[in-house]
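Okay, so here's the structure we're looking at.
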2 protein chains.
Amino acid sequence: MAKGRVTVVDIAKAAGVSKSTVSLVLQGSPLVNEGTRAKVTATMRDLGYVYNRGAASLRQANGRSKIIGIVVNDLTNSFFAELAVGVDMVVQSAGFVQFLSNTGESIDRQREVIASMREHGISGLIVSPARATEAADLKPLVAAGIPVVVAVRNVPGTKVSSIVSDNRAGTYAAVEHLASLGHRRVAFLGGFPDTAVFDERLDGYREALSAAGLESPPELVISSAPSRAGGVDAIGRALSIPDRPTAAVCFNDAVAFGVCDGLRARRMEPGRDFAVVGFDDVIEAKTAVPALTTISVDPQGMGRRAAQLLLKQINAGKADAESIVNSVRLVIRESCGAKQKQSERKLA
Amino acid sequence: MAKGRVTVVDIAKAAGVSKSTVSLVLQGSPLVNEGTRAKVTATMRDLGYVYNRGAASLRQANGRSKIIGIVVNDLTNSFFAELAVGVDMVVQSAGFVQFLSNTGESIDRQREVIASMREHGISGLIVSPARATEAADLKPLVAAGIPVVVAVRNVPGTKVSSIVSDNRAGTYAAVEHLASLGHRRVAFLGGFPDTAVFDERLDGYREALSAAGLESPPELVISSAPSRAGGVDAIGRALSIPDRPTAAVCFNDAVAFGVCDGLRARRMEPGRDFAVVGFDDVIEAKTAVPALTTISVDPQGMGRRAAQLLLKQINAGKADAESIVNSVRLVIRESCGAKQKQSERKLA
DNA sequence: TTAATTAATTGGAACGTTCCATATAAGTCA
DNA sequence: TGACTTATATGGAACGTTCCAATTAATTAA
């Protein structure tokens with residue numbers, strides 16, 4: 001029926017007003033008479049008008065759009081998927097829409113998508129950076145006055161806002177808990193040693209051990225891929241050392257699940273024969289058997305907070321870097337054996 | 001340093017050519033001399049030029065952009081996250097960028113985000129529709145000539161392209177396999193009965209049973225939420241009926257994991273004491289203990305194919321609906337007991 | 001009554017790009 | 001020589017919106 005798309009001029013013509021008036025209606029300006037407003041909105045509905053945000057933001061000062069970008073390093077990891085969902089929630093209800101891209105830890109891909117997003121005129125960016133992201137990758141954005149918040153992983157040497165979880169406090173609490181259950185040899189399993197997140201978690205583990213008066217021999221920290229397979233591998237090596245650990249705090253939940261798998265493969269039951277605690281509290285942690293004791297970080301909440309921070313900066317116009325650390329909490333379930341100990345105590 | 005953003009006019013001025021020439025360079029036109037091209041690209045780099053796609057697609061005929069939209073019903077479900085990743089892959093390498101939104105099964109939210117995406121001028125849409133999505137929700141898009149492909153779930157009565165997996169063949173193969181292992185009472189567990197996907201999977205189950213000469217008493221199909229918790233619930237009910245089933249094909253992997261949990265809670269070992277097969281082949285299926293026998297659907301591949309189909313239609317200009325059904329395959333692991341049977345056979 | 005105020009509306013210019021038709025320069029052919 | 005090509009380069013006009021300054025109409029103040 002229509003030859004081209006319906007524009008404000010078409011609406012104006014049909015409603016018998018000027019395009020300026022239609023524009024005012026579009027923006028909900030109080031300067032327009034209720035009657036005219038009604039007439040115009042009716043015409044818009046009738047003609048099936050769809051707003052052209054591209055044209056709008058072209059005209060608007062400095063081309064600020066209603067688009068924010070979010071790039072994550074691994075969307076197939078449910079932690080980051082949850083993060084994206086959290087961002088989406090607040091971004092959506094603020095009338096923004098999100099460009100989402102997955103880098104799969106590729107720094108080149110990350111560069112590409114960020115460039116592409118800039119071309120599309122994003123007014124802000126949330127990035128969970130790929131490994132080895134440098135400050136230079138984000139520099140042009142901030143130079144152009146585009147607010148950026150990095151999430152989950154920090155980018156060293158960069159002056160942008162960030163939101164990371166309190167990794168140190170998390171593993172500290174985990175070790176403290178295990179020590180209170182009587183464990184004396186606690187391993188740290190999984191993760192790649194070249195990352196800031198790994199270092200922080202390891203630090204918390206070491207601090208808690210020494211605070212509990214326990215030693216932390218280097219052979220008890222065993223790194224591996226931060227995945228389920230990595231966990232299987234790590235527990236295998238952990239159980240082969242002479243003076244076996246009786247408990248482990250794992251780099252993340254994926255590793256912890258792998259550790260459980262590895263234990264079962266050796267006829268050991270996680271929670272009863274060996275205590276394991278994870279990190280992240282992914283959705284499956286609660287329903288797994290045994291339910292995983294872990295450090296809960298609420299990635300969705302983190303995403304929400306990141307988005308709120310970003311929106312604040314977008315609205316403020318000026319973006320002074322702000323770093324927020326997301327507090328975490330130990331949630332005690334079954335895989336650490338605490339529940340079991342408790343029932344034993346009741347029997348005694 | 002710069003007061004406003006750098007535009008083609010600035011580049012033209014600095015390079016001593018006209019804006020038209022700059023535009024030609026931008027589009028990689030062969031009409032421009034190599035020398036000028038080099039000079040122009042150099043100036044662009046020097047001045048930190050960033051292309052304004054908004055302005056470009058405003059001018060371009062009918063405002064076709066390099067944006068495609070993807071809306072999924074539940075991004076926290078790794079199946080859909082994988083789907084999105086698959087889409088992202090091909091979309092990215094075709095020079096497009098994706099708007100991604102999560103509806104969380106809310107039809108209102110879906111309407112909002114689709115409207116918002118239209119305003120931003122997407123040139124195509126991939127949607128894994130929320131439950132109860134109607135043809136009317138997609139009608140305006142196709143009327144406007146915007147290619148749409150629905151994935152995973154079909155929307156009845158709509159004339160758009162679709163890509164769904166061969167649900168019937170999947171459960172058929174599962175039942176066939178279980179029957180060949182000697183099972184005579186096979187349950188169908190989990191899922192909501194009001195969906196097309198459920199019906200198709202149930203159909204395949206029934207057909208295979210009758211093909212194997214087995215009966216399919218109604219008490220053996222037990223619906224529940226398509227989640228891990230739903231699985232726990234369903235197996236609980238399944239084991240309480242008089243003539244217990246000895247095997248189950250589950251609505252999806254989440255349900256299957258729940259079923260395994262429920263079995264263990266009753267001191268039954270999945271694979272040994274009860275055969276369970278899932279549907280989807282999520283990443284954890286392979287590494288779980290026991291490894292899950294399931295129907296592999298390769299959501300990432302599905303995403304890739306959906307994106308390819310969409311891009312084809314975008315490039316073709318005209319979009320005749322095409323439906324492709326994604327074939328699935330039974331992958332035999334441990335939870336169905338086949339491996340065990342095999343080793344028993346070897347001993348015999 | 002006129003002047004001043006308020007309320008509602010409006011035409012044109014601008015945003016950054018692409019497209020079209022035209023222009024220039026150099027080379028080729030009778 | 002003049003009339004063609006061919007290879008490059010170019011000024012406007014257009015895309016759909018918003019903003020600004022200006023206009024009209026209705027109301028109030030003096």
Side-chain angles (χ1 to χ4, degrees), chain A residues 2-41 43-44 47-67 118-123 144, chain B residues 2-41 43-44 47-67 118-123 144:
Chain A
K3 52 175 58 183
R5 70 148 75 219
V6 183
T7 80
V8 296
V9 190
D10 300 323
I11 303 294
K13 217 163 287 175
V17 297
S18 78
K19 60 182 159 50
S20 304
T21 305
V22 178
S23 174
L24 290 177
V25 171
L26 248 14
Q27 305 167 68
S29 160
L31 293 184
V32 37
N33 182 290
E34 277 314 314
T36 1
R37 183 192 307 280
K39 189 170 51 185
V40 170
T41 42
T43 333
M44 292 197 306
L47 300 193
Y49 170 73
V50 339
Y51 186 62
N52 185 334
R53 278 180 198 274
S57 61
L58 174 59
R59 181 58 178 90
Q60 263 150 350
N62 284 348
R64 283 295 116 97
S65 67
K66 284 298 219 176
I67 306 176
R118 275 201 76 186
E119 294 186 352
H120 282 283
I122 53 169
S123 40
Chain B
K3 51 176 58 185
R5 69 148 73 217
V6 182
T7 80
V8 293
V9 188
D10 301 324
I11 303 294
K13 217 163 286 175
V17 296
S18 79
K19 59 181 160 50
S20 304
T21 305
V22 179
S23 174
L24 290 178
V25 171
L26 248 13
Q27 305 167 69
S29 161
L31 293 185
V32 41
N33 182 291
E34 277 314 314
T36 3
R37 183 193 308 280
K39 191 170 51 183
V40 169
T41 42
T43 357
M44 290 197 307
L47 301 193
Y49 171 73
V50 341
Y51 186 61
N52 186 335
R53 279 180 198 275
S57 59
L58 174 59
R59 182 59 179 88
Q60 260 149 350
N62 284 349
R64 282 295 117 96
S65 68
K66 284 296 217 175
I67 306 177
R118 274 201 78 186
E119 296 185 352
H120 283 283
I122 53 171
S123 40

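In what follows, every chain begins at residue 1, and chains take the letters A, B, ... in the order their sequences are listed.
Summary of helix geometry: the two end axes of the helix from C:dT1-D:dA30 to C:dA30-D:dT1, each defined by five base pairs via their C1' atoms, are inclined to each other by 60° (rounded to 10°).
Remark: A:His120 NE2 to B:His120 NE2 distance equals 12.0 Å, nearest 0.5 Å. Atom CZ in B:Arg59 sits 13.0 Å away from atom CG in A:Leu58 (nearest 0.5 Å). Taking OG1 from B:Thr7 and NZ from B:Lys19, the interatomic distance works out to 10.0 Å, rounded to the nearest 0.5 Å. Between atom CZ of residue B:Arg37 and atom OG of residue B:Ser29 there is a gap of 7.0 Å, rounded to the nearest 0.5 Å. In this structure, A:Arg118 CZ and B:Asn52 CG are separated by 11.5 Å, a value rounded to the nearest 0.5 Å.
Summarising the geometry, the separation between CG on A:Asn52 and P on C:dT17 is reported as 16 Å, rounded to the nearest angstrom. Rounded to an integer number of Å, the gap from CG of B:Leu26 to P of C:dT17 is 7 Å. One atom, CG of A:Leu58, and another, C1' of C:dA14, lie 9 Å apart when rounded to the nearest Å. For A:His120 and C:dT17, the NE2 to P distance is 14 Å, given to the nearest whole Å. Straight-line distance from the NZ atom of B:Lys66 to the P atom of C:dT18: 13 Å, rounded to whole Å. Atom pair A:Tyr51:OH and D:dG16:C1' shows a separation of 10 Å (rounding to whole Å applied).
Formation of a donor-acceptor pair under 3.5 Å by the B:Ser18 side chain with backbone atoms of B:Thr21 is found in this model. Under the 3.5 Å distance criterion, the side-chain polar atoms of A:Ser65 are matched with a main-chain donor or acceptor of A:Gly121.
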The contact string for nucleotides 8-13 of chain D, one letter per nucleotide 5' to 3', using protein heavy atoms under 4.0 Å with B, S and - for base, sugar-phosphate only and none, comes out as BSBBBB
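At a threshold of 4.0 angstrom between heavy atoms, the contacts of B:Ser23 include nucleobase atoms, whether or not backbone atoms are also involved.
With C:dT17, D:dC19, D:dT17 as the candidates, the nucleotide lying closest to the side chain of A:Tyr49 is D:dT17.
Between B:Val22 and B:Tyr49 the shortest side-chain heavy-atom distance does not fall below 4.5 Å.
The side chain to side chain contact (heavy atoms under 4.5 Å, CB included) with A:Val6 is formed by just one residue from the set A:Val9, A:Val8, A:Asp10; it is A:Asp10.
The side chain of B:Gln27 places no N or O atom within less than 4.0 Å of a non-bridging phosphate oxygen (OP1 or OP2) of C:dT17.
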